[in-house]
Each structure stands twice: as structure tokens, then as C-alpha cells.
2 protein chains.
Amino acid sequence: MALRHALLAALLDRELSGYQLSKLFDLGASSFWHASSQQLYAELGKLEADGLLTGHEVVQQGRPNKRVFALTDAGRDELTRFTGAPTKPTSIRDDLMVKAYAEQAADPDTLIKQLEDRAAQSRAKAEFLAAQLEKLRGDKPEADFLASADNVGPYLAGTRGKMYHDDQAEWCEWAAAILRHRTTS
Amino acid sequence: MALRHALLAALLDRELSGYQLSKLFDLGASSFWHASSQQLYAELGKLEADGLLTGHEVVQQGRPNKRVFALTDAGRDELTRFTGAPTKPTSIRDDLMVKAYAEQAADPDTLIKQLEDRAAQSRAKAEFLAAQLEKLRGDKPEADFLASADNVGPYLAGTRGKMYHDDQAEWCEWAAAILRHRTTS
DNA sequence: CACATCATGTAACCAGTTACATGATTGG
DNA sequence: CCAATCATGTAACTGGTTACATGATGTG
């Protein structure tokens, strides 16, 4: 069980539909938890069957109806249990980094293009996260918000995500520049 | 197929045994590719069966014998093909970040402890990577090395790994300090 | 003599990916 | 009317994890 806890965490203080969760895992949470939408719908079903979540149909006008999910008490307990359990090592799998490592076997122009594409994606995600963080802290200075707000978890995690994407973009551009320099000289 | 390319990349310019690869994936490459030793031995077998790698027994005195693996021409071609193929999105799964996100449901002291443990691990990995980078560039200034060396891939990837772990350690300590402050005030 | 490190695997199970499938509504 | 966005799934497959298994050698 792995995705479960990420889903429970996302639903800790709000109800969301599968679709909203898929946006979240695509944009906000992608820097610390990766999941496809198919996986989400499957896991939401299991979590509901296991009594950790309850789903309610929400009728919308102007859009297809949706099913939103909320934590049950059992779900919250399971999340608390999880936070106390030993932490598993981080699992990262990044094709682009493997390609950079194997630079010797790669076509330089193609690799440079891929690094630049990734840089652009990471810049966009960093910007999105910066906006999220601003929204979370409202008009307060960061230090005040972190000292007084009642739910700082998403802010802490979002900050790490922004760091990750800022670095990723910076590194990709740096690496691309080096490879470009090596081909043209 | 996923681990394959990471293994082929690691063997691009040297021969290594399963055990040496498991060290590499535990220390050097863990910031961009995660794999267990069981997985490595299984995949090395498949790669040999597919003709992308050849294994040779090396007799050692004072230690158990080992089997080292080297890229074949087919293996190198496959790696080149891979570097040109579309890059899959990065997959990250980090329990600790999910726990930070779910801070509200967590016991503060336990979470702080976990953040501090991770900070120490990341500091150690960053230091290891810094030493590796120094070894790779030898006595040259970084810019000279990157402009003139014939294999910069591992240096580029290692640099990203160091950034990742430096940030991770810094963020963990920052987050732990915030949570500590919130519990004591 | 016990512990750390070196060294390599197998088998059963589970998590995650890929391909397929459908349909409503809004805006250009 | 076409594309984008909203919305939700299933089935087959494959990649990865967990638990189990073994044994040599050097160091304190």
C-alpha cells in the first residue's frame, strides 16, 4: 500500500473528486508523489471499500456530475498510524537524468532539446507552486503564517516542491549550455 | 523496461559487478534512479540473456568471486536509441513528504525526528557526491573539466544529485525547526 | 566468535503502467 | 463543428517489493 496514504493526506482537510485529485497529483504533488489518473480511480474505489473514505455524488449544472471523497475516522486514524511508521527510502526514477549520465551515447542536439523542454516544464511547475504558496499564506509574512496557521503541512510540502522544480530548471539549463558549448567548439 | 537503461548507462565506460552496481544505486545514483539489489541481479540476468550485456567471472583472492558485466555493441545501441526516445515524466515517491503534508494528523515529535534523520542521510549523500565530483574533475577547475573532458555525463548527473540532497537536508532542517517551534510555544 | 562487508540469487505477491473505452459541456 | 476541459472508469500486462536463502572473508 503506497498511494493510499498520499490520497488520505490530500483529503485531510477537504473533499475532492477523482478528477480534482488527478490535477493535484499532476501539478502540486508531482514533486513528491507521482500517480496516474487510472491509478487514482482504482485506489479511491479500494479506499472506499476499506472504509477509509466515503464518496458522495455531487450534481453539477453545466458539467458532468462528480463523486467527491472525504476521510472517515478510520481513514484519519490510518493516516496518523502511517505518519508514525518507519519512513521508506525515497524512490526517484528520472529518465532524463539517466540520459544525461549516458551523454556519451546520446545525440547531443536531441539531448539538449530534452533538457530545455524539461527546464520549461519545471519553470511552469515552480511558478504554479509559488502561486499556491502565496494563496496559502494570504497577506501574512511567511514566518507569521508558519508560526500561527493551523495547517502548515501543505505549505511545507509545497515549499520543497518549489525548491525541487527551481533547481531542476536551473540544472537543466546549465547542463544544456555545457553540452551546447561542447558541440559548437 | 525501465531499470535496463539505468544499468546500461552505469556500464557505459566500465565493467561492474552486481554488488558494485547495488552500491552505486544506493549511494551515487539514488537521487535519480532507485533500485533494490534483488532487482539488479534479476535485470542483469535478463540483459545478458537479451545480449545487451556480457558477464565474466572474476576470481578474487581474499573475497568471494564476482561476475562483472560489460556492455555489448547491441547494449550500446540500445542505450543510444533510449536517449533519443521521448522522455517519460519523472516518478518520485517520497513518504516523508506525504507525512509532512499530513502534519495535522501526525505526532509532532515523531515527525520532527523523521525529518532530522532524513536531513542527516541527505547530508551524508551530498558529501559522498561532492567527493565523487572532486575525484572526477581531478585538479582542473570545473569549467575546464566540463569543456574538455571526454565523459561529462556522470559529472552532470552527480551535480544534480548533490543539489537534490543539499536541498533535501536544508528543507528537512527548516521544516523540523518550524514544527519544533510550534510545539514549544 | 560475532559482526560487517562482500557476493548472489529465488519465489510469491502487489503496485503501477499502458492501452482501451466513454461521454458531457463550454468556448472559439 | 472541433478542440479543450471535465469526468470516470476497465483489463491486460509488467515492473518492483518483500520475504526468504546462502555462503565466504576480514576485523575487532
Side-chain angles (χ1 to χ4, degrees), chain A residues 1-8 15-27 29-30 33-50 53 55-69 82 85-95 98, chain B residues 1-8 15-27 29-30 33-50 53 55-69 82 85-95 98:
Chain A
M1 310 280 159
L3 214 207
R4 344 205 82 192
H5 301 115
L7 281 170
L8 295 173
E15 303 194 337
L16 293 171
S17 66
Y19 187 74
Q20 288 175 302
L21 285 161
S22 79
K23 294 285 119 180
L24 185 68
F25 277 76
D26 212 49
L27 296 165
S30 61
W33 203 274
H34 168 85
S36 63
S37 59
Q38 296 95 319
Q39 222 192 323
L40 295 183
Y41 288 110
E43 193 64 32
L44 286 168
K46 284 184 209 162
L47 284 162
E48 197 182 12
D50 293 348
L53 246 44
H56 335 271
E57 184 99 314
V58 173
V59 180
Q60 303 184 113
Q61 77 271 55
R63 290 186 211 186
N65 295 346
K66 62 181 176 182
R67 268 169 66 71
V68 295
F69 294 90
F82 164 72
T87 303
K88 284 183 203 153
T90 308
S91 161
I92 305 189
R93 293 193 171 97
D94 191 342
D95 269 19
V98 174
Chain B
M1 311 279 159
L3 213 208
R4 341 204 87 190
H5 302 114
L7 282 170
L8 295 174
E15 303 194 339
L16 294 171
S17 66
Y19 188 74
Q20 289 175 299
L21 285 161
S22 78
K23 295 284 121 182
L24 184 69
F25 277 76
D26 213 49
L27 297 166
S30 61
W33 204 274
H34 168 84
S36 63
S37 59
Q38 296 94 319
Q39 222 192 323
L40 296 182
Y41 287 110
E43 193 65 31
L44 286 168
K46 284 183 209 164
L47 283 162
E48 197 181 13
D50 293 348
L53 247 46
H56 335 269
E57 185 99 313
V58 173
V59 181
Q60 302 184 111
Q61 77 272 56
R63 291 185 208 186
N65 294 348
K66 62 180 177 182
R67 267 170 65 70
V68 297
F69 294 91
F82 163 73
T87 304
K88 286 184 202 153
T90 309
S91 161
I92 306 189
R93 294 194 169 96
D94 190 341
D95 268 19
V98 174

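Only this structure's heavy atoms are used, side chains among them; waters, hydrogens and symmetry mates stay out.
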| field | Minimum heavy-atom distance A:Q60-A:N65, with the two atoms named | value | N-OD1, 3.1 Å

| Roughly how bent is the helix from C:dC1-D:dG28 to C:dG28-D:dC1 end to end, in steps of 10 degrees, with each end axis from five pairs? | 40°

| request: Round to a whole Å and report the spacing from CG of B:L16 to C1' of C:dC6. | output: 15 Å

| query | In whole angstrom, what separates B:L40's CG from C:dT8's P? | reply | 11 Å

| task | To the nearest Å, give me how far apart CZ (B:F69) and C1' (C:dG9) are. | result | 11 Å

| Would a distance-only check, ignoring hydrogens and angles, find a side-chain to backbone donor-acceptor pair under 3.5 Å from A:Y19 to A:R67? | no

| query | With a 4.5 Å heavy-atom cut-off, do B:F69 and B:L7 have their side chains touching? | reply | no

| Between D:dG9 atom C1' and A:L21 atom CG, what is the distance in whole Å? | 15 Å

| Between C:dA15 (P) and A:L7 (CG): distance, integer Å | 13 Å

| A:K66 has an atom NZ; how far is it from atom P of D:dG9, in whole Å? | 14 Å

| query | What distance separates B:S17 OG from B:Y41 OH, expressed to the nearest 0.5 Å? | reply | 6.0 Å

| field | pair A:L53-A:L8: side-chain heavy atoms closer than 4.5 Å | value | yes

| Any side-chain heavy-atom pair from B:R4 and B:L47 closer than 4.5 angstrom? | yes

| query | From A:K46 NZ over to A:L3 CG, what is the distance, rounded to the nearest 0.5 angstrom? | reply | 9.0 Å

| query | Heavy-atom distance under 4.5 Å between the side chains of B:D94 and A:I92, does that happen here? | reply | no

| On DNA chain D, nearest-nucleotide positions of A:Q20 versus B:K46: which is more 5'? | A:Q20

| message | If I take atom NE2 in residue B:H56 and atom C1' in nucleotide C:dT8, what distance separates them, rounded to the nearest angstrom? | response | 17 Å

| request: Could you state the atom-to-atom distance from NZ of A:K23 to P of D:dA7 in whole Å? | output: 10 Å

| task | Nearest-nucleotide wise, let me know which of A:Q61 and B:Q60 is further upstream toward the 5' end of DNA chain C. | result | B:Q60

Could you list all N or O pairs between the protein and nucleotides 16-23 of chain C that sit under 3.5 Å apart?
unit_1, atom_1, unit_2, atom_2, d
C:dG16, OP1, B:R93, NE, 3.4
C:dG16, OP2, A:Q39, NE2, 2.9
C:dG16, O5', A:Q39, NE2, 3.3
C:dG16, O3', B:R93, NH2, 3.4
C:dT17, OP1, A:H34, NE2, 3.2
C:dT17, OP2, A:Q39, OE1, 3.0
C:dA19, N6, A:Q38, NE2, 3.1

| said: C:dT8, OP1 or OP2 - any side-chain N/O from B:Y19 closer than 4.0 Å? | reply: no

| field | Test item: B:K88 and A:R93 side chains (from C-beta on) under 4.5 Å apart, heavy atoms | value | no

